[in-house]
> 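Below is a structure I'd like to ask you about.
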Amino acid sequence: MPELPEVETIVRGLHGAVTGRRIAEVRVEIPSVVHSDLPGDFAALLQGESIEGVTRRAKFIVMRLGSGRSLVTHLRMTGRLIVEDEPAEDAYARVRLRFEEGGWLRFSDVRRFGRMRLAVDGAWAEGLGCEPLDSAFTSEALRGLLRGRRTPIKSLLLDQRLVAGVGNIYACEALYQAKIHPKRRAGGLSKERVGRLHTALVRVLESAIEMRGTSVDDYVDAEGLRGGFQNMLAVYGREGLSCFRCHAPIKRVTLAQRGTFYCPRCQR
DNA sequence: AGGCGTACCTGAGGGC
DNA sequence: TGCCCTCAGGTACGCC
């Protein structure tokens, strides 16, 4: 479910809420969603660790632990991390952490796609592409990544090895803002178009963070609150509705097995 | 190398 | 009501 802006919102909430706390108890409800890089039991290894801080890399939530290890969570489609005073009733709770200072962290996930991993080093992040909100992500850098690629631009935006953190909603929205057709060959984009795409990506992601993410269906942040960017979507989920710019009906096609929304008149 | 299909899961919503 | 189909914010893996 969550893309970069949603994960960033969760991370900011978690950072304030759990930094400095110590894990007193670990309850693993569904063992298949946890993994430990070290031999031994996930819960036993995690118990007693303190949380030094919470950061984001791509769509991963990284809790830095006192031992130097990290607890790395990926929410995939429907995962949630919720901070609460008491453990709430939840049929989809997968992992619960109780803190020595009081309070709980609940990892909940209807579809069991999400994962929690106890990592000893940075190997889990190998192969991830650049952070679109990092200063190193320039229009020139994006042009370099797209050069020579014959794939449709939308497919490349979803490829975490190139640009990390963009998902289906924001890929659609950025291409709309940049007035670029999602099926256009990535390597064939002019310098000017890449510039527009770069600007659009950064703007869309930054505004979505400002609005605390997009709640189309079930996304909520660490406090259980919905985001606000769903009211700003120009194309995603708007099939048949009229384009805000030119009033042509928004089209939906399938590209790289994903629903893809665009305006057939103003995206070229 | 890159692109495609499929798998992983569960639930919601539409058509009949 | 209920059955069956499609779709969902993501990624990994195997196959050409």
Side-chain angles (χ1 to χ4, degrees), chain A residues 1-11 29-35 56-61 72-81 90-95 107-117 123-129 132 145-176 182-188 201 204-205 208-209 211-221 225-240 252-261:
Chain A
M1 113 179 112
E3 307 181 29
L4 187 153
E6 291 74 40
V7 176
E8 180 66 28
T9 304
I10 292 167
V11 161
E29 315 280 0
I30 303 278
S32 59
V33 310
V34 304
H35 169 85
R56 179 188 61 76
R57 170 72 172 112
K59 298 172 196 168
F60 293 88
I61 296 158
V72 182
T73 305
H74 199 300
L75 303 172
R76 295 286 184 102
M77 301 280 264
T78 48
R80 298 175 170 192
L81 278 180
D90 179 0
Y92 306 116
R94 307 307 184 204
V95 180
F107 175 38
S108 172
D109 184 17
V110 170
R111 291 172 76 178
R112 300 192 200 178
F113 285 177
R115 291 287 180 269
M116 251 185 187
R117 172 175 178 178
W124 62 271
E126 272 170 26
L128 286 173
L145 292 171
L146 304 185
R147 190 165 293 140
R149 303 295 300 264
R150 306 187 58 82
T151 318
I153 182 61
K154 161 92 185 311
S155 309
L156 275 202
L157 289 179
L158 296 180
D159 189 338
Q160 303 297 300
R161 294 168 297 184
L162 269 78
V163 181
V166 179
N168 204 30
I169 293 180
Y170 299 108
C172 290
E173 294 298 313
L175 287 168
Y176 173 80
K183 286 190 177 170
R184 197 174 258 275
R185 258 198 309 130
L201 271 172
V204 163
L205 295 172
I209 291 172
M211 308 277 295
R212 307 180 57 81
T214 301
S215 296
V216 166
D217 194 8
D218 44 15
Y219 160 72
V220 291
D221 68 13
L225 302 173
R226 285 166 60 83
F229 200 73
Q230 61 277 10
N231 303 315
M232 309 293 285
L233 298 176
V235 284
Y236 185 84
R238 298 195 67 245
E239 182 183 15
R252 179 189 184 279
V253 293
T254 299
L255 210 170
Q257 288 87 241
R258 315 296 305 277
T260 300
F261 300 86

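A, B, ... follow the sequence lines: proteins, then strands. Residue 1 opens every chain.
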> Applying salt bridge (Lys or Arg N to Asp or Glu O under 4.0 Å), name anything that partners A:D109, two or more places apart in sequence or on another chain.
none
> Can you give the dot-bracket line for DNA chain C, where a pair is Watson-Crick or G-U wobble with both atom distances under 3.5 Å, crossing pairs use [ ], and | marks a partner on another strand?
.|||||||.|||||||
> Once you round it to whole Å, what is the distance between P of B:dG2 and CG of A:L158?
16 Å
> Please confirm whether the shortest side-chain N or O distance from A:Q160 to OP1 or OP2 of C:dG10 is below 4.0 Å.
no
> Dump every N/O contact between nucleotides 4-6 of chain B and the protein below 3.5 Å, one line per pair.
unit_1, atom_1, unit_2, atom_2, d
B:dG5, OP2, A:Q257, OE1, 2.9
B:dG5, N7, A:Q257, NE2, 3.4

> Does A:R258 put a side-chain nitrogen or oxygen below 4.0 Å from OP1 or OP2 of C:dG10?
yes
> Provide a list of protein-nucleic acid N or O atom pairs under 3.5 angstrom, restricted to nucleotides 7-10 of chain B.
unit_1, atom_1, unit_2, atom_2, d
B:dC9, O4', A:R111, O, 3.4
B:dC9, O2, A:R111, NE, 2.6
B:dC9, N3, A:R111, NH2, 3.2
B:dT10, OP1, A:R112, NH2, 3.2

> Rounded to whole Å, please give me the gap between CG in A:D159 and P in C:dT11.
10 Å
> Starting at atom CZ of A:F261, determine the distance to atom P of C:dC7, rounded to an integer number of angstrom.
11 Å
> Just the rounded figure in Å: distance from C1' of C:dT11 to CH2 of A:W124.
15 Å
> Using the P atom on both, measure C:dT6 against B:dG5 and round to a whole Å.
15 Å
> I'd like to check the side-chain contact (heavy atoms from CB on, under 4.5 Å) partners of A:A58; sequence neighbours left out, ordered by chain and number.
A:F60, A:L128, A:E131, A:Q160, A:A164
> With heavy atoms under 4.0 Å as the rule, sort A:G114 into base, sugar-phosphate or nothing.
nothing
> Does the side chain of A:D221 come under 3.5 Å of the side chain of A:T9 through a donor N or O and an acceptor N or O?
no
> Who passes side chain to side chain donor-acceptor pair (under 3.5 Å) against A:Y176, sequence neighbours left out?
none
> What is the distance, to the nearest angstrom, from the CD atom on A:E239 to the P atom on B:dG14?
14 Å
> When the P atoms of C:dC5 and B:dT6 are considered, how many whole Å apart are they?
16 Å
> Counting only side-chain nitrogens and oxygens, does A:H74 get under 4.0 Å of the OP1 or OP2 atom of C:dT11?
yes
> Sequence neighbours left out, what passes ring pair (Phe, Tyr, Trp, His ring centres under 6.0 Å) with A:F107? Give chain and number order.
none
> Using whole Å, what does the distance between atom C1' of nucleotide B:dG2 and atom CG of A:L146 come to?
15 Å
> With no hydrogens and no angle check, is any side-chain donor or acceptor of A:T78 less than 3.5 Å from a backbone partner on A:R111?
yes
> How many whole angstroms separate atom CZ of A:R161 from atom P of B:dA1?
10 Å
> With rounding to the closest Å, how many angstrom separate the P atoms on C:dC4 and B:dC9?
22 Å
> Taking the basic N atoms (NZ, or NE/NH1/NH2) and the acidic carboxylate oxygens, is any pair closer than 4.0 Å for A:E29 and A:R94?
no
> Just grab all the salt bridge (Lys or Arg N to Asp or Glu O under 4.0 Å) pairs involving residues 159-171 of chain A, residues at least two apart or on different chains.
A:D159-A:R161
> Among residues at least two apart in sequence or on other chains, which ones pass side-chain contact (heavy atoms from CB on, under 4.5 Å) with A:A91?
none
> Heavy atoms only, 4.0 Å cut-off, all strands: where does A:Y170 land among base, sugar-phosphate and nothing?
nothing
> CG of A:D109 versus P of C:dA8: gap in Å, rounded?
18 Å
> Could you tell me which residues satisfy side-chain contact (heavy atoms from CB on, under 4.5 Å) with A:L158, sequence neighbours excluded, listed by chain and number?
A:K154, A:N168, A:A171, A:R258
> So, using side-chain contact (heavy atoms from CB on, under 4.5 Å) as the criterion, who are the partners of A:R226 when residues are at least two apart?
A:S215, A:V220, A:Q230
> Name each donor-acceptor pair under 3.5 Å that joins a side chain in residues 232-239 of chain A to protein atoms two or more places apart or in another chain, with its distance.
unit_1, atom_1, unit_2, atom_2, d
A:R238, NH1, A:A234, O, 3.0
A:R238, NH1, A:S242, O, 3.2
A:R238, NH2, A:S242, O, 3.1

